[in-house]
Each structure stands twice: as C-alpha cells, then as structure tokens.
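One structure is given below, encoded as structure tokens.
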Amino acid sequence: MSGDLPLVVALAPAAASMAASASTAASLRLAFPLLSAPATAASSSTLRFSARRRREPRAVAVAAFKKLSEAAPLAIPQEPTEPLADEDTLPPRPGVYGVYDPAGELQFVGISRNVRASVEGHRRKVPADLCASVKFAVADEETLDRTVLNNAWKSWMEEHIAATGKAPPGNVAGNYTWIGAPQRPPDLRLTPGRHVQLTVPLEQLIDRLVKENKVVAFIKGSRSAPQCGFSQRVVGILEAQGVDFVTVDVLDEEHNPGLRETLKAYSSWPTFPQIFVGGELVGGCDIISSMAEKGELAALFQK
C-alpha cells in the first residue's frame with residue numbers, strides 16, 4: 001500500500017467472539033497498515049533540540065463503508081502493460097480494500113489514501129498468483145481522518161475472521177509480501193561531525209538527550225548492526241517489548257567524540273550498553289535481560 005507503514009496490533013476482543021475459533025482469533029497478531037506520509041530512509045539523525053508544539057485535537061470524520069461481503073470484486077489485469085479499470089470504476093480515493101487470489105481466497109486487507117495507486121503498486125510487486133481481484137470501499141471525502149479508515153480496516157478484518165476463523169495471510173505479522181519489512185529508526189548523533197565545535201558541554205547534551213526521550217540505549221555500534229553481543233541483545237529485547245526507543249553509538253568518534261568516557265562519568269556506570277528510561281539509568285544488558293524475564297520491563301515502560 002502506497003505511503004503506508006506496518007504496525008503490529010492485536011485484534012479487538014470483539015473479533016474473538018465472532019470467530020469460529022475464539023482462542024485463535026483472540027491471540028492473533030496482525031500486520032496493520034497504518035497511514036503515514038512516505039518515509040525517507042536515513043542511516044543516522046543528528047540530535048536536534050527544538051521546541052515542541054502542542055497539537056490541536058482533530059475532529060474525527062464520519063463515513064459509511066460497505067461491508068467486505070457487500071463489496072463487488074473487480075478483476076485485476078495480470079499483465080503489467082494492461083491498464084486498470086477506469087477511475088470511475090476504481091477511483092483514486094481514500095478507502096479500504098481486499099485483494100484476492102485466482103481461487104477467490106482473500107490474501108490481504110489494506111487501507112490507503114489512494115486505493116487505486118495501492119492496487120497498482122500491489123499488482124506490480126506481488127506475485128500474480130496472489131493478486132487476481134480486489135474488493136474496495138472508498139470514502140466520499142478527498143481528505144479523511146485516519147481513524148475512520150482504521151476502523152473500516154478493523155471491521156473488514158473482523159468480518160473475514162468471523163467467517164473463516166483466520167486472518168488473511170498478508171496481514172499476519174511477519175509476512176512482508178504486501179507491506180514490506182519495517183525500517184529501523186536511524187541512530188542519533190550528538191554532532192554533525194568532529195569538525196563542529198560544541199557550544200554546550202557534552203554532559204549537558206547527554207542530560208538533555210536522556211530527559212527528552214522516553215527510552216535511550218547507548219550501545220556499541222548501530223541499531224541495525226550492533227558491534228557486541230550485549231548491545232545486540234539489548235536492541236532485541238527493546239524491540240520485542242514494542243517500545244519506542246532511540247539508540248546512540250558510543251563507538252562513533254566522528255559524530256559522538258568523547259561520548260564513551262563522558263557517559264561513564266555522567267552515569268557512574270563503567271560498561272556498555274547503558275539504558276536510560278525517563279531520564280534515569282536502568283542498567284546494562286544483564287539488568288535489562290533479568291527485568292524482561294520477570295516481566296518488570298513492560299511495567300517500567302508503562303509508567
């Protein structure tokens with residue numbers, strides 16, 4: 001789906017009661033396409049401290065979508081050179097859609113700001129034996145609050161699970177055929193480079209960093225390529241917890257010069273990795289691992 005990012009969510013309890021297999025549906029984790037502006041890949045991000053703006057609450061739009069069972073299937077041309085149906089038939093509007101294989105089995109349910117563009121993208125990237133027809137329901141408004149689309153997606157998913165007892169294969173967590181693997185956030189850099197002279201002490205930068213981010217992991221290496229087993233384990237634990245966190249590479253002397261020794265003095269902790277939560281040092285790999293095993297880490301992140 002164009003411009004969408006994957007998010008793993010648990011289906012609402014209502015779906016479990018509807019499904020043929022209650023225990024299966026209740027525990028099912030699904031890959032949920034969350035609307036977002038297209039992201040630009042980057043390997044790192046220089047630390048910036050800017051004033052935070054308070055967001056004004058947005059009014060939730062109201063729209064009525066067809067049920068999955070009420071939508072009529074539309075054939076998807078198998079040859080990339082063949083055009084899709086005209087825009088009156090398959091409009092470039094916000095909506096929810098479901099893609100079926102040639103046997104009529106639902107393979108994926110998605111939402112998009114432009115259903116037509118998403119279907120076009122799928123038929124060019126997804127194997128033809130998974131992408132033969134599409135059902136869709138579009139909104140009347142050009143601009144639609146994402147909550148309305150999210151709820152429409154949820155409704156179609158619940159309807160399908162109630163009828164079949166399972167989720168479409170493309171919506172099961174870990175299946176990246178339709179939405180692609182999630183990109184890891186870039187590591188933070190304290191400076192643009194060694195050539196830039198700091199205007200504030202490094203200790204102050206560290207203090208602001210750990211206090212302005214909920215969870216900070218100072219590791220050896222990058223988030224995508226840790227340089228020691230302990231750092232790799234910590235990254236894995238934090239990602240498994242589903243918590244938002246930022247990483248800083250203490251080995252990057254080009255962009256974080258002097259960080260290793262300065263951080264040791266700041267935290268009074270001699271080794272790495274170091275994990276801060278809410279501005280306070282929690283500990284290193286052993287402590288984080290122990291807390292995760294006891295279920296204490298999840299409770300800490302919920303505070």
Side-chain angles (χ1 to χ4, degrees), residues 5-8 36 38-52 176 180-293 296-298 300-301:
L5 295 176
L7 175 67
V8 176
S36 173
T40 301
S43 59
S44 60
S45 178
T46 303
L47 182 62
R48 299 177 185 272
F49 296 100
S50 56
R52 295 182 177 179
Y176 301 125
Q183 293 184 348
R184 287 176 167 176
D187 303 293
L188 285 184
R189 293 172 171 176
L190 297 183
T191 73
R194 189 187 286 271
H195 62 284
V196 177
Q197 185 174 359
L198 293 178
T199 58
V200 296
L202 187 54
E203 295 88 342
Q204 185 175 340
L205 279 181
I206 295 172
D207 188 65
R208 292 165 66 179
L209 170 63
V210 300
K211 289 179 179 177
E212 293 192 5
N213 293 274
K214 175 68 174 179
V215 182
V216 182
F218 293 92
I219 63 175
K220 291 183 178 181
S222 66
R223 180 170 180 168
S224 59
Q227 296 299 303
C228 77
F230 297 118
S231 294
Q232 184 176 27
R233 177 161 176 75
V234 162
V235 169
I237 290 173
L238 294 177
E239 289 185 340
Q241 293 288 324
V243 64
D244 291 330
F245 68 100
V246 298
T247 52
V248 184
D249 181 2
V250 299
L251 300 181
D252 184 359
E253 284 297 321
E254 175 61 30
H255 300 95
N256 305 321
L259 176 59
R260 292 181 69 180
E261 297 306 317
T262 305
L263 183 58
K264 289 178 183 179
Y266 174 85
S267 63
S268 299
W269 194 269
T271 60
F272 298 97
Q274 295 185 16
I275 295 82
F276 287 75
V277 178
E280 300 292 333
L281 175 67
V282 177
C285 181
D286 290 343
I287 293 177
I288 292 296
S289 298
S290 176
M291 292 180 67
E293 292 174 359
E296 298 172 351
L297 202 55
L300 176 65
F301 292 146

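Keep in mind that this is a model prediction, so the values were computed, not measured.
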Begin with the C-alpha distance, continue with both residues' side-chain angles, and end with the deciding distance and a verdict on side-chain contact (heavy atoms from CB on, under 4.5 Å) for Val248 and Ile219.
CA-CA 6 Å; Val248 184; Ile219 63 175; over 6 Å; no

Would Val215 and Val246 count as a side-chain contact (heavy atoms from CB on, under 4.5 Å) if you check the C-alpha gap in whole Å, the side-chain angles of each, and the deciding distance to 0.1 Å?
CA-CA 6 Å; Val215 182; Val246 298; over 6 Å; no

Under the side-chain contact (heavy atoms from CB on, under 4.5 Å) criterion, do Arg233 and Ile288 qualify, and how do the steps go?
CA-CA 9 Å; Arg233 177 161 176 75; Ile288 292 296; over 6 Å; no

Kindly indicate, with the supporting measurements, whether the criterion side-chain contact (heavy atoms from CB on, under 4.5 Å) is fulfilled by Leu259 and Leu190.
CA-CA 9 Å; Leu259 176 59; Leu190 297 183; 3.8 Å; yes

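The number of heavy atoms from other shown groups lying within 6.0 Å of CD (Glu280) does not exceed 12. Within a 6.0 Å radius of CG in Asp207, other residues, nucleotides and ligands contribute more than 12 heavy atoms. Within a 6.0 Å sphere centred on OH of Tyr266, other residues, nucleotides and ligands contribute more than 12 heavy atoms.
Between the side chains of Thr247 and Asp187, at least one donor N or O sits under 3.5 Å from an acceptor N or O.
Glu203 is not listed as a side-chain neighbour of Leu263, based on a closest heavy-atom distance of 4.5 Å or more. A 4.5 Å side-chain heavy-atom check between Leu205 and Leu198 finds at least one atom pair inside the cut-off. Looking at Asn256 and Val250, their side chains never come closer than 4.5 Å, going by heavy atoms from C-beta outward.
With rounding to the nearest 0.5 Å, the separation of CG in Asn213 from CZ in Arg208 is 12.0 Å. Rounding to the nearest 0.5 angstrom, the gap separating the OG atom in Ser231 from the CG atom in Asp249 is 8.5 Å. How far CG of Asp286 is from OG of Ser289: 6.5 Å, rounded to the nearest 0.5 Å. Taking NZ of Lys220 as the reference point, atom CD of Gln232 lies at 14.0 Å (rounded to 0.5 Å). Taking CZ from Phe272 and CZ from Phe218, the interatomic distance works out to 8.5 Å, rounded to the nearest 0.5 Å. In this structure, CZ in Phe276 is found 15.5 Å from CZ in Phe245, a value given to the nearest 0.5 Å.
Contact detail for Trp269 and Gly284: the closest heavy-atom pair is CZ2-N, 3.9 Å. Residues Ser267 and Leu281 share a closest heavy-atom pair of O-CD2, 3.8 Å. Residues Leu238 and Ala217 approach most closely at CD1-CB, 4.0 Å, considering heavy atoms.
The backbone N or O of His255 lies less than 3.5 Å from a partner atom in the side chain of Thr191, making a donor-acceptor pair. The main-chain N or O of Gly283 is never found under 3.5 Å from a side-chain atom of Gln274 such that the two would form a donor-acceptor pair. Using modelled atom types, one side-chain atom of Glu253 and one backbone atom of Gly258 make a donor-acceptor pair closer than 3.5 Å. A side-chain donor-acceptor contact under 3.5 Å links Gln227 to the backbone of Ala225.
For Arg223 and Glu239, the salt-bridge test passes: some basic side-chain N is under 4.0 Å from an acidic carboxylate O.
For Lys214, there are no salt bridge (Lys or Arg N to Asp or Glu O under 4.0 Å) partners, not counting sequence neighbours. Taking the side chain to side chain contact (heavy atoms under 4.5 Å, CB included) definition, one finds that Val196 meets it with Pro192, sequence neighbours left out.
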